[in-house]
Amino acid sequence: MKVLVVGGGGREHALCYKIAKSSKVDKIYCAPGNAGISEIAECVPIGAMEFDKLADFAKENEISLTVVGMDDPLVGGIVDAFEAEGLRVFGPRKNAAILEGSKAFSKDLMKKYNIPTASYEKFSSAEDALSYLETADMPIVLKADGLALGKGVLICNTREEAMEGVKTLMLDKQFGDAGNTIVIEEFMTGREVSVLSFVDGKTIKIMTSAQDHKRAKDGDMGLNTGGMGTFSPSPFYTEEVDVFCKKYIYQATVDAMKAEGRPFQGIIFFGLMLTEKGPRVLEYNARFGDPETQVVLPRMKNDIVEVFEACIDGTLDTIDLQFEDNAAVCVVLASDGYPEKYEKGFPVLGLERFRDKDDYFVFHAGTKLSDGIPVTNGGRVLGVTATGQDLKEARAKAYKATEWIDFKNKYMRHDIGKAIDEA
Ligand code: AMP
Ligand code: GLY
């Protein structure tokens, strides 16, 4: 069969790599893709938000399955658009992708169905938000309701900062309409864990855990980014945590969406915080995480296309989801200056060192071909991933492999997975 993947980052490269391993797949297309993806898929120059063009392409090329990696098209209704044309597509419909698309919706859902999360209030008027902040406890967290490239969350230590934050989100509209409504929530502390899951509307199957490193600089300093590195599994995701989440969070979320008339088919990504009072949901995403996918999929044993099909057909209960008993670490190589200002267009050298190795991967996040040569084309350029028997071995191998790659302004964190030493 032919598969179309929508997106063009490290997550989609990891998806293409895993889909290419499926015995069911003859050919992969990726829109728009990137230089690395072009080695395993035919890249198609159509943007992820061009639903009509994508659907036409899928029809003309007899695509049997489309897999959507990114949040914007899902929240915008790409699945509905494909289904309306009779096309098979993996991902939540618009009315379910709202789980990620609106923080106010997801917080209200958790409250209504007693799913553990930070306590919160929501506001559609800056005046009301400011007045609430006059007596609220600090630190406090402000969240733009809508999608804001992962940047719409402000952690405020002081009342002044929080008031300033309300102005930034609601009056200056730094994230546009995403800030028309905001959620103001309790500040929590604890370790963060990312748990991805497959969902078919009623059944949920949990993948192995992972941990992201969101800040730009070592020691979790610097600005929030899309993610500077990941490891999997998280040693902090213990049996006890798993039992709690299975009882109060995972199935409860799927059942809640079904009860609301918004059955969720696709990936639910649970952003969890392991607080002293137990696990709490920080956020939901309606898609694979990036770079979490780059450490989770290389460890997955199943044929992923079979799992996608089971989600679409509502037969996920028949799938025995399995992961290798190993570990993986991904170190993101970025352009110096990311997530603010950075230069691009520099040749990327050393990629051939990853060929024909089963335990080393280089997933392209922001690259493109220029006269046939891969050049940097984004803030996050590559995800260098290695698997190993355990996290320590995987980390040592991943860092060794970062040395194989060279490009101008190469930047990375040096402490990805350091938390492992504390486990
Ligand atoms: P989100 O996009 O909701 O995952 O938020 C981005 C990051 O902000 C999270 O990964 C956390 O590090 C932090 N964060 C979000 N909500 C809270 C909270 N209630 N308490 C503490 N930190 C938070
Ligand atoms: N790594 C976090 C995310 O994909 O949102």
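Note that ligands are numbered from 1 as they come in the structure, with each ligand's atoms numbered from 1 the same way.
- Atom CZ of Arg93 has 12 or fewer neighbouring heavy atoms from other residues, nucleotides or ligands inside a 6.0 Å radius.
- Put simply, CG on Leu147 and CZ on Phe175 are 12.0 Å apart, with the number rounded to the nearest 0.5 Å.
- For ligand 2 and Gly226, the ligand atoms under 4.0 Å from any heavy atom of the residue are 1 (N).
- Taking 4.5 Å as the limit, every side-chain heavy atom of Cys330 sits out of range of all side-chain heavy atoms of Phe363.
- At a heavy-atom distance under 4.0 Å, only backbone atoms of Glu186 (N, CA, C or O) approach ligand 1.
- Each of the following atoms of ligand 2 lies closer than 4.0 Å to a heavy atom of Gly289: 4 (O).
- With salt bridges taken as basic N to acidic carboxylate O contacts below 4.0 Å, one links Asp220 and Arg413.
- Only the side chain of Ile155 comes within 4.0 Å of ligand 1, counting heavy atoms alone; its backbone N, CA, C and O stay farther away.
- Per-residue contacts place Lys143 under 4.0 angstrom from the following atoms of ligand 1 (heavy atoms of the residue considered): 3 (O), 15 (C), 16 (N).
- In this structure, Phe57 has its ring center under 6.0 Å from that of Tyr29.
- In this structure, atom 2 (C) of ligand 2 lies nearest to the protein heavy atom Asp212 OD2, 3.5 Å.
- Ion pairing between a basic and an acidic side chain is recognised when a charged N comes within 4.0 Å of a carboxylate O; Lys24 and Glu309 show such pairing.
- Numbered from 1 in the order shown, with element, the atoms of ligand 1 that lie under 4.0 Å from a heavy atom of Lys214 read 4 (O), 10 (O).
- Residue Met188 places at least one N or O, backbone or side chain, under 3.5 Å from an N or O of ligand 1.
- Near Phe187, with a cut-off below 4.0 Å to any heavy atom, the atoms of ligand 1 are 20 (N), 21 (C).
- Near Glu185, meaning under 4.0 Å from one of its heavy atoms, ligand 1 places the atoms 16 (N), 17 (C), 18 (C), 19 (N).
- Heavy-atom contacts of Lys103 reach the following atoms of ligand 1: 2 (O), 3 (O) (cutoff under 4.0 Å).
- Comment: Glu260 engages Lys112 in a salt bridge, judged by a side-chain N to carboxylate O separation of less than 4.0 angstrom.
- Ranking protein heavy atoms by distance to atom 10 (O) of ligand 1, first place goes to Glu192 OE1, 2.7 Å.
- Separation of the Phe270 and Tyr250 ring centroids falls under the 6.0 Å cut-off.
- Looking only at atom types and distance, the side chain of Asp359 has no donor-acceptor partner in the side chain of Thr387 under 3.5 Å away.
- Under the 3.5 Å distance criterion, with hydrogens and angles disregarded, no donor-acceptor pair is assigned to the side chains of Thr230 and Glu292.
- At most 12 non-hydrogen atoms from other residues, nucleotides or ligands lie less than 6.0 angstrom from NZ of Lys258.
- Of the listed options Thr189, Leu282, Thr275, Asn285, Leu282 places a heavy atom closest to atom 17 (C) of ligand 1.
- Of the candidates Val153, Leu142, Val281, Thr117, it is Val153 that places a heavy atom closest to atom 7 (C) of ligand 1.
- Near Asn285, meaning under 4.0 Å from any of its heavy atoms, are these atoms of ligand 2: 5 (O).
- For atom 5 (O) of ligand 2, the choice among Arg287, Glu292, Gln294 with the nearest heavy atom turns out to be Arg287.
- Between Lys214 and ligand 2, not a single N/O pair is under 3.5 Å apart.
- A heavy-atom separation below 4.0 Å is not found between Phe288 and ligand 2.
- Atom numbering of ligand 1 starts at 1 in the shown order; those under 4.0 Å from a heavy atom of Glu283 are 1 (P), 2 (O), 3 (O), 4 (O).
- Ring to ring, Phe269 and Tyr284 are not that close: their centroids are 6.0 angstrom or more apart.
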